[in-house]
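I have placed the structure first, in the form of structure tokens, so that the comments after it can refer back to it.
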Amino acid sequence: PAAVAILAAIAVTIVAASLFEDAARDRQGEAQRRLQAADAAQLGFLGAAEATLRFVAAPSDAIEGEYRAEMDHADAAVAELAAGPPAAEVAAIVEGLARHRALFAELVAAERRLGYDETEGLEGALRASVHAAETRLEEVGAPALTAKMLMMRRHEKDFMLRGEAKYIERLDSRIEEFAAFPVSLFDPPALREEILGLLAAYQADFHRFARESEASAALRSRMSETLAQAAPAFRTLAASARAEASAAPTHSLSPQREP
């Protein structure tokens, strides 16, 4: 009976050890899956952010599609994370992805209003109005008027490149200066009022373009903030899963064989 009891105790120990090791492997496997999902979600989010930059530089339906594909990859990975144990980090990532996607939709709408190229949208209207003014100004042929017009165009281009409000003010100042030129510079004089009217249309179109450009820039800033706010959740989630996935059982209940 004593021998039977000893054998039973050994059997229980072996079974317990096996169960312990199986549970440890299961925990490590689950942690590894969470780590892979966290990495995939972050890569998708970063890919979407990179697509956003390319979209702003050269808006197109193709790049818009690439953004959505990256976000779909991130969503799939986050769905895997959400299926696991509840975590505040997962909720933060889900919220960040949703906010980024909503802001991108607003950005697309803003860029469509601006125009995907110089012939479309507000930029197309701006281009048409300034060309109308320049065409009539060529008929006058006054160097001082032409020089002032060129300065306006320079401020316009500087704003498009840098997005700084000071260029809006500078363009407005050049138009005021243009309007102050004496009638004697215009030949025939009747062209003055027509050209001033065309410049007023150009100025209005430029202000509309500038407002939409500033709105687009504000959206991009908010998208960058959203990405930065989600970064700690990604780091915490990945670090936790990585630590658990790499951890090995500190001891084993299996009987050790004598050397």
Side-chain angles (χ1 to χ4, degrees), residues 49 51-64 67 102-225:
T52 300
L53 294 176
R54 289 189 291 109
F55 177 81
V56 171
S60 71
D61 293 335
I63 299 177
E64 180 184 349
Y67 170 91
L103 289 170
F104 183 77
E106 292 185 48
L107 179 66
V108 169
E111 291 297 324
R112 285 191 184 280
R113 287 190 291 270
L114 286 168
Y116 275 12
D117 62 44
E118 63 181 12
T119 67
E120 298 177 350
L122 294 173
E123 186 172 0
L126 175 62
R127 185 168 180 259
S129 63
V130 73
H131 284 178
E134 287 175 328
T135 298
R136 297 300 280 165
L137 194 57
E138 287 175 1
E139 298 177 21
V140 177
L145 300 180
T146 301
K148 195 66 69 175
M149 184 78 244
L150 290 174
M151 291 174 71
M152 295 177 208
R153 295 306 308 274
R154 174 64 181 273
H155 300 325
E156 172 197 326
K157 299 304 180 186
D158 283 340
F159 176 81
M160 289 182 175
L161 287 172
R162 300 176 177 85
E164 297 178 19
K166 65 182 180 182
Y167 296 114
I168 303 174
E169 298 171 0
R170 290 177 183 178
L171 184 140
D172 289 343
S173 296
R174 299 297 84 74
I175 289 181
E176 290 178 5
E177 293 163 1
F178 189 99
F181 279 129
V183 178
S184 59
L185 284 180
F186 295 84
D187 185 20
L191 272 179
R192 179 179 182 276
E193 293 306 316
E194 181 183 351
I195 292 173
L196 289 179
L198 292 172
L199 284 179
Y202 166 55
Q203 184 178 25
D205 284 336
F206 176 71
H207 274 263
R208 281 190 285 269
F209 177 87
R211 284 195 298 272
E212 196 66 55
S213 295
E214 290 172 335
S216 176
L219 287 169
R220 297 196 299 273
S221 178
R222 290 170 62 192
M223 293 176 79
S224 296
E225 291 172 3

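Hydrogens, waters and symmetry mates play no part in the numbers below; they use all other heavy atoms, side chains included.
- Looking at heavy atoms from C-beta onward, Ile168 lies out of side-chain contact with Gln203 at the 4.5 angstrom threshold.
- The distance from the CG atom of Leu145 to the CG atom of Leu150 is 11.0 Å, given to the nearest 0.5 Å.
- Residues satisfying the salt bridge (Lys or Arg N to Asp or Glu O under 4.0 Å) criterion with Glu169, sequence neighbours excluded, are absent altogether.
- Residue pairs meeting the side-chain hydrogen bond (donor to acceptor under 3.5 Å, both in side chains) criterion with at least one member in residues 184-195, sequence neighbours excluded: Arg136-Glu194.
- Under 4.0 Å is where a charged nitrogen must lie from a carboxylate oxygen, and between Glu156 and Arg153 at least one such pair does.
- Atom NZ of Lys148 is separated from atom OG of Ser173 by 9.5 Å, given to the nearest 0.5 angstrom.
- In this structure, OG on Ser60 lies 11.0 Å from CD on Glu111, to the nearest 0.5 angstrom.
- A 4.5 Å side-chain heavy-atom check between Met160 and Glu123 finds at least one atom pair inside the cut-off.
- When the shell of 6.0 Å around CZ of Arg154 is examined, it contains 12 or fewer heavy atoms from other residues, nucleotides or ligands.
- The shortest distance between side-chain heavy atoms of Leu107 and Thr52 falls below 4.5 Å.
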Verdict with supporting geometry, Tyr202 and Met149, side-chain contact (heavy atoms from CB on, under 4.5 Å): CA-CA 11 Å; Tyr202 166 55; Met149 184 78 244; 3.9 Å; yes
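- In this structure the side chain of Leu137 reaches within 4.5 angstrom of the side chain of Phe178, judged on heavy atoms.
- For residues 124-133, the set of pairs meeting the salt bridge (charged side-chain N to carboxylate O under 4.0 Å, His left out) definition, not counting sequence neighbours, comprises Glu118-Arg127.
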Step-by-step side-chain contact (heavy atoms from CB on, under 4.5 Å) determination, Leu219 to Phe104: CA-CA 8 Å; Leu219 287 169; Phe104 183 77; over 6 Å; no
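- The line from CZ of Phe55 to CG of Asp61 is 8.0 Å long, rounded to the nearest 0.5 Å.
- Residues passing the salt bridge (Lys or Arg N to Asp or Glu O under 4.0 Å) test with Lys157, sequence neighbours excluded: none.
- Side chains of Leu114 and Ser213 form a contact here, defined as non-hydrogen atoms less than 4.5 Å apart.
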side-chain contact (heavy atoms from CB on, under 4.5 Å) evaluation trace for Val140 with Leu185: CA-CA 8 Å; Val140 177; Leu185 284 180; 6.0 Å; no
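- Listed by first then second residue, pairs satisfying salt bridge (charged side-chain N to carboxylate O under 4.0 Å, His left out) with a partner in residues 196-207 read Asp205-Arg208, not counting sequence neighbours.
- Rounded to the nearest 0.5 angstrom, Leu122 CG and Arg113 CZ are separated by 8.5 Å.
- Side-chain contact between Glu138 and Thr146 is absent, with no heavy-atom pair separated by less than 4.5 Å.
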Verdict with reasoning, Ser224 to Arg220, per side-chain hydrogen bond (donor to acceptor under 3.5 Å, both in side chains): CA-CA 6 Å; Ser224 296; Arg220 297 196 299 273; over 6 Å; no
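- Of the charged side-chain nitrogens involved, at least one lies within less than 4.0 Å of a carboxylate oxygen, so that Glu164 and Lys166 count as a salt-bridged pair.
- The ring-ring contact (aromatic ring centres under 6.0 Å, His included) pairs that include a residue from residues 131-166 are Phe159-Phe206, where partners are two or more places apart or lie in different chains.
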Stepwise side-chain contact (heavy atoms from CB on, under 4.5 Å) test for Tyr67 and Val108: CA-CA 11 Å; Tyr67 170 91; Val108 169; over 6 Å; no
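- In this structure, Met152 and Leu199 have side chains that are in contact, with non-hydrogen atoms separated by less than 4.5 Å.
- The CG atom of Leu126 sits 6.5 Å away from the CZ atom of Phe209 when rounded to the nearest 0.5 Å.
- Note on Glu120 versus Arg112: no salt bridge recorded, every NZ/NE/NH1/NH2 to OD/OE distance being 4.0 Å or above.
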